[in-house]
Amino acid sequence: MTSIPTTFNAADFEDRLYALWSKSGAFQPKDHDDKEAFTLMMPPPNATGTLHLGHATMLAIEDIIVRYKRMQGHPTLYLPGTDHAAIATQSVVEKKLQEKGVKNPLEELGREAFLKEIRDFVEVSKSTIKKQTKKMGTSCDWSRECYTFSDELNHAVNTIFQMMYEDGLIYRGGRIVNWDPKMKTTVSDDELEYVEEKAKFYYFKYGPVVIGTARPETKFADKIIVVHPDDKRYQNIIGKEFEVEWIEGKINARVIADECIDPEMGTGAMTITPAHSFVDFELAQRHKLEAPQIIDFDGRIKPEFSKACGGMQIKDAREAVVKMLDEKGLLVKVDENYVHNIALNYRGKAVVEPQVMDQWFVDVNKPVINWKDKKSSIKDVLQDVVLSGMIRLVPERFNKVYFHWIDNLRDWCISRQIVWGHRIPVWYKDGEIKVQPKSPGKDWVQDEDTLDTWFSSGLWTFSTLGWPNKTRDLERFAPSTVLETGYDILFFWVARMIIQSTYAMRKSGYSEEKSIPFKDVYLHGLIRDIHGKKMSKSRPETCIDPLDMIKKYGTDAVRLSLVIGSTPGNDMRLYEEKIAGFRNFVNKIWNGARFVLMNLEGKEREIKVEELTRSDKWILTRLNEVIESVTNKLDNYAFSEAGLIIYDFFWGEFCDWYVEMSKVTKNESVLSYVLKTSLKLMHPFMPFVTEAIWVSLNEDKMLIISEWPKVNPKWNFPSASDEMDRVMQVVREIRKLRSESKVPAAKKIHCIIYAHEDKDLINDKAEIIKRLANLCALDISKTGERVNKALSAFVGDVEIYLPLAELLDMEAEKARIEKEIDSLQTYLTSLEKKLSNEAFIKNAPASVVEKERVKLKDAEQKLLKLRVQIDELCK
RNA sequence: GGGCGCAUAGCUCAGUUGGUUAGAGCGUCUGGUUUACACCCAGAAGGUCAUAGGUUCGACUCCUAUUGCGCCCACCA
């Protein structure tokens, strides 16, 4: 025993234990479905690099849930994987190639060679991520590992694309997109960065109205004036046509009305440029107007619209147009202090120009999904699954954000002009279109574009189980029990998964309940540095690398530091000292266990009630309470609280009190039982240290698959808890008096300690007193007779009496208790009144009534206690 | 502009349906090598629970308003 080191060196155990678990098959779901299956799909990390704190948090939380469910005996599937992360990966590789001198990889290498470069890079990244995932202790089923760009998932992507196309959900159409004229690619909304800019705002005379604009260079072909339908100033011109003097001669303009116009803004009238503004484009669609392209894809004015400005860059054209209009006397005024946001591509920071382009879209409004006996649209289904409670968001407040997002949802643009990704399974020949994965024959040319990465990762929950095949896994493990992810991708990913899963699974004939991707969605917060700032690669000093921390403090400490102090949906700050603190706890567990192990020496037997001392009864009762509340917290995704409960129990109660007392009298069976049960409770949080200790306990089953503890009703001794509370109170009072130095020695505190009658249990009374003195930080020199008015308590089987008068200001105490009794009395009457109200009993749910009864009982007991206390005081 | 969140000890944070004297870790200070642990033990200082009202016998907790910080969405023609 003495050979066990006094500190837990995590590195000595982690890899070995992980291999042991993995080899035992514990990570795979057991084969028999005696209980409901538990499924959690790991959100696949991008195959672009290394594990960061976001991943680490995700893995820590997920592994806690999974280990807990596994110990409860559910067949548990935790499926890992990686994401090909279209744009992100491609740009990483592009950057690497550029460093090597390849400026434009696609043109210089060709599509195939470029793809190969990316594939090679991804292979390396994937294995890096996998290794790092294992370091976190993640107990996922590697035999089912998936990749969003594997052949199988590509098949699933093509299948759903084809299905949606045939259902008319996917269509090709001219739509306005964000175009980066510098990088020559579309940019998705979430890759935009808005920068505030002070610009000039011009007012021009335009026929019968004055229009305001910050972008005169787009106005060459504007022929439509829009005003608000209720705007009194313009009532008489709505619907009329005018000949208007404009930039380069006269044009015909028409006035239309639309509610989207803000009468307060500018002059309340504007002209529209549908091809280069999102709002204008939508407006044009509504009114079935044309959308001519004024600015080409290089960011120049197209010559056919302007003789003078054709070929000019936007910036130059703007000045030129203003000058021309000014010379014609059409410039009314210029507002120099106009502030607005301009959109930049966050990669490259080029100003994004809205352009109309042919893209592939998913229609979110077309009612073609069979959902609860009617044809529903994607929007309808998205709304229904959360509204009906089939899918629950944790924390609940995200419901509101989610619904708001659906209300504003536009058709989903799924095509991207990049190389790395699922190629759109569409083929063209002489104006003909075919949608299928493989080439229909010679002369057919495949669409150059690839699919939005979320289109494919939206299939994650069911394609990984074998869809479109009807597999046993799909039967057993769909839908996922929980999805755990960061709230920042609620829309990008969570919503897409709901779209894809409900559509595809219904299409394959599964029920609505089976078709949802998951039941609960747990959204964790972002990890920030100690100042609350985002950790960013550009400021390495703010970054904490989880792998460095694992090296330094061990995985268990890192996991705890990511989970404790974190609540769903809220960001959390992390700093090294916090991790160090939990390393200390891990070490405390190790040493607590060492002590128990040293004292066992084969002496443990069945626990017999008649042999239990008061402190045994107390710790067993407390343990029951801890089992109950930890289980309860875990069931409600309150990981932080669950962790804290077990932390406080193990350190503050088991080690600080029970273990100390067992140096006086010990019950090996109880020591061992409490230790083992605690290890089980702590295992989901700290798998390594707990399993490492478990191994030296010579159990036949590994801890990872041992049974989750249950409350043992035999070992509930409510009075023991009260007595122990009193011990602690007494001891603390002694310590307090002592530390205040008001009472320098035992002389003034008539502290009387004596052993109980059955001295057989305690042989060496002097030793006990020494121990107790130690516990109380008190020199005890005197033992003696009982005192009447005293607080009494037991430590082990030793009773301590403390004269009350020394401890308390009697009068103040009495007043306090009396006040409380008074308040309780009122409370009781109000409760009784409520419970005797027939309408309440009838109408309120049974559970609420029951709770009220419990409250009443609690209050009655409290009152009783207070009365006893006050009686004692009055004696 | 619309929405959401946060505000509790010097710092980082808990505090689930309102109920004894508001907690923890870190940091600071004091004292301690005791059949595991100095990555330890014991103790202390430190709080008007952002502010102002309201509901209640009772509010950190519920309601209203205000202030400060953070985030998301929309986007200003």
Side-chain angles (χ1 to χ4, degrees), chain A residues 1 4 6-8 189 194 201 211-215 218-219 226 260-262 264-267 269-273 277-280 283 338-341 343 395 397-398 400-401 404-405 408 487-488 490-491 525-526 528 530 532 553 557 561 564-567 569-575 577-578 580-599 632-633 636 638 640-641 644 647-648 652 655-656 659-660 662-663 732 735-736 738-740 770-771 774-777 816-817 819-820 822-830 848 851 855 858-859 862 865-866:
Chain A
M1 288 298 164
I4 303 175
T6 61
T7 50
F8 176 70
D189 287 347
Y194 287 97
F201 192 80
I211 58 159
T213 180
R215 299 206 55 193
T218 63
K219 304 257 161 248
V226 193
C260 76
I261 298 298
D262 176 7
E264 306 289 313
M265 178 77 196
T267 58
M270 69 169 194
T271 61
I272 57 167
T273 315
S277 152
F278 279 83
V279 180
D280 294 4
L283 218 142
Y338 176 66
V339 178
H340 70 151
N341 288 329
R397 70 183 141 88
F398 281 98
K400 218 170 181 174
V401 192
H404 180 255
W405 176 80
N408 295 308
Y487 67 79
D488 51 330
L490 175 63
F491 307 135
L526 271 46
R528 295 169 176 279
I530 193 156
Y553 300 106
S561 69
I564 290 187
S566 135
T567 43
N570 291 328
D571 295 349
M572 190 192 69
R573 301 177 194 205
L574 185 74
Y575 42 96
E577 291 79 2
K578 186 172 173 185
F582 287 111
R583 185 270 321 269
N584 296 352
F585 178 51
V586 169
N587 198 52
K588 186 75 185 177
I589 299 170
W590 179 250
N591 279 296
R594 270 181 65 219
F595 176 85
V596 176
L597 279 164
M598 284 172 178
N599 283 287
N632 187 277
K633 297 293 178 196
N636 289 302
S640 174
E641 284 180 63
L644 275 175
Y647 178 102
D648 289 340
C655 289
D656 287 352
V659 166
E660 287 305 320
S662 62
K663 290 173 182 171
R732 285 197 186 110
R735 282 170 181 169
K736 196 173 156 198
R738 165 118 172 130
S739 71
E740 281 167 1
K770 204 181 112 199
R771 280 268 146 227
N774 193 19
L775 209 61
C776 308
R816 190 186 65 77
I817 296 178
K819 195 179 151 207
E820 201 177 327
D822 229 43
S823 141
L824 254 177
Q825 202 91 56
T826 334
Y827 175 54
L828 266 177
T829 355
S830 75
V848 172
K851 270 177 199 166
K855 273 185 188 172
D858 285 352
K862 230 176 236 172
K865 241 188 202 173
L866 287 174

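Lettering follows sequence order; numbering is per chain, from 1.
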So, does A:Asn591 use its side chain to make a donor-acceptor pair with the main chain of A:Thr7 at under 3.5 Å? no
In whole angstrom, give me the gap between the P atoms of B:A14 and B:U30. 32 Å
Separation between the P atoms of B:C13 and B:C75, rounded to whole Å: 33 Å
Here's a test of your reading of the structure: between A:Met572 and A:Thr213, which maps to the more 5' nucleotide of RNA chain B? A:Met572
Expressed in angstrom and rounded to an integer, what is the separation of A:Phe398 atom CZ from B:C73 atom C1'? 13 Å
Pairwise 5' ranking along RNA chain B for A:Phe491 and A:Gly569, keeping only the more 5' one: A:Gly569
Look at all strands and tell whether A:Ala214 reaches a base, only sugar-phosphate, or nothing, counting heavy atoms closer than 4.0 Å. sugar-phosphate
Nucleotide nearest A:Arg528 (side chain, heavy atoms from C-beta), chosen from B:U12, B:C76, B:C71: B:C71
Test ring pair (Phe, Tyr, Trp, His ring centres under 6.0 Å) applied to A:Tyr553 - qualifying residues, sequence neighbours left out: none
Less than 4.5 Å apart, any side-chain heavy atom of A:Tyr487 and any of A:Leu526? yes
Under 4.0 Å between any heavy atoms, over every strand shown, what does A:Thr273 touch: base, sugar-phosphate, or nothing? Just pick one. nothing
Write down the distance separating the C1' atoms in B:U61 and B:G23, rounded off to the nearest Å. 15 Å
Which is true for A:Thr271 with a 4.0 Å heavy-atom rule: it touches a base, it touches only sugar-phosphate, or it touches nothing? sugar-phosphate
Would you say the side chain of A:Arg397 and the base of B:C4 hold a donor-acceptor pair, judged only by whether the two atoms sit under 3.5 Å apart? no
How close or far is atom P of B:C13 from atom CG of A:Asp648, stated in whole angstroms? 19 Å
Using the P atom in both, what is the distance from B:G3 to B:U8, to the nearest Å? 25 Å
When rounded to the nearest Å, what value does the distance between P atoms of B:C62 and B:G18 take? 8 Å
Provide the distance between the two P atoms, one in B:C6 and one in B:G46, to the nearest whole Å. 30 Å
Only one of A:Ile272, A:Thr218, A:Val226 clears side-chain contact (heavy atoms from CB on, under 4.5 Å) with A:Asp280; which? A:Ile272
Using a cut-off of 4.0 Å on non-hydrogen atoms, how would the nucleic acid contact of A:Lys588 be classed: base, sugar-phosphate, or nothing? base
Atom-pair distance (CD on A:Glu577; C1' on B:U12), nearest Å: 10 Å
Can you tell me, in whole Å, how much space there is between the P of B:A52 and that of B:A45? 27 Å
Heavy atoms only, 4.0 Å cut-off, all strands: where does A:Arg583 land among base, sugar-phosphate and nothing? base
Need one value for A:Gly592: base, sugar-phosphate or nothing, where a base atom within 4.0 Å counts as base even if backbone is also close, heavy atoms only. base
What is the separation between atom NE2 on A:His404 and atom P on B:C73, rounded to the nearest whole Å? 11 Å
Look at all strands and tell whether A:Phe585 reaches a base, only sugar-phosphate, or nothing, counting heavy atoms closer than 4.0 Å. nothing
Taking only the C1' atom of each, what is the distance from B:C41 to B:A50 in whole angstrom? 38 Å
Min side-chain heavy-atom separation A:Val401-A:Phe491 under 4.5 Å: yes
With respect to the phosphate group of B:C13, does any side-chain polar atom (N or O) of A:Thr567 fall under 4.0 Å of OP1 or OP2? no
Distance check needed: B:C39 P versus A:Phe8 CZ, whole Å only. 17 Å
Return no unless some side-chain N or O of A:Asn584 is found under 4.0 Å from OP1 or OP2 of B:C40. yes
5'-to-3' dot-bracket of RNA chain B (Watson-Crick, G-U; under 3.5 angstrom; crossing pairs as [ ]; | other strand): (((((((..((((.....[...)))).(((((.......))))).....(((((..]....))))))))))))....
Residue list, ring pair (Phe, Tyr, Trp, His ring centres under 6.0 Å) with A:Phe595, at least two apart or on another chain: none
Please report the distance, rounded to the nearest Å, between CD in A:Glu641 and P in B:C13. 16 Å
When all nucleic acid strands are considered with a 4.0 Å heavy-atom cut-off, which category describes A:Thr7: base, sugar-phosphate, or nothing? base
Return the value, rounded to whole Å, for the distance between atom CD1 of A:Ile564 and atom C1' of B:G25. 10 Å
Grab the CG-P distance between A:Asn570 and B:C6 for me, whole Å please. 6 Å
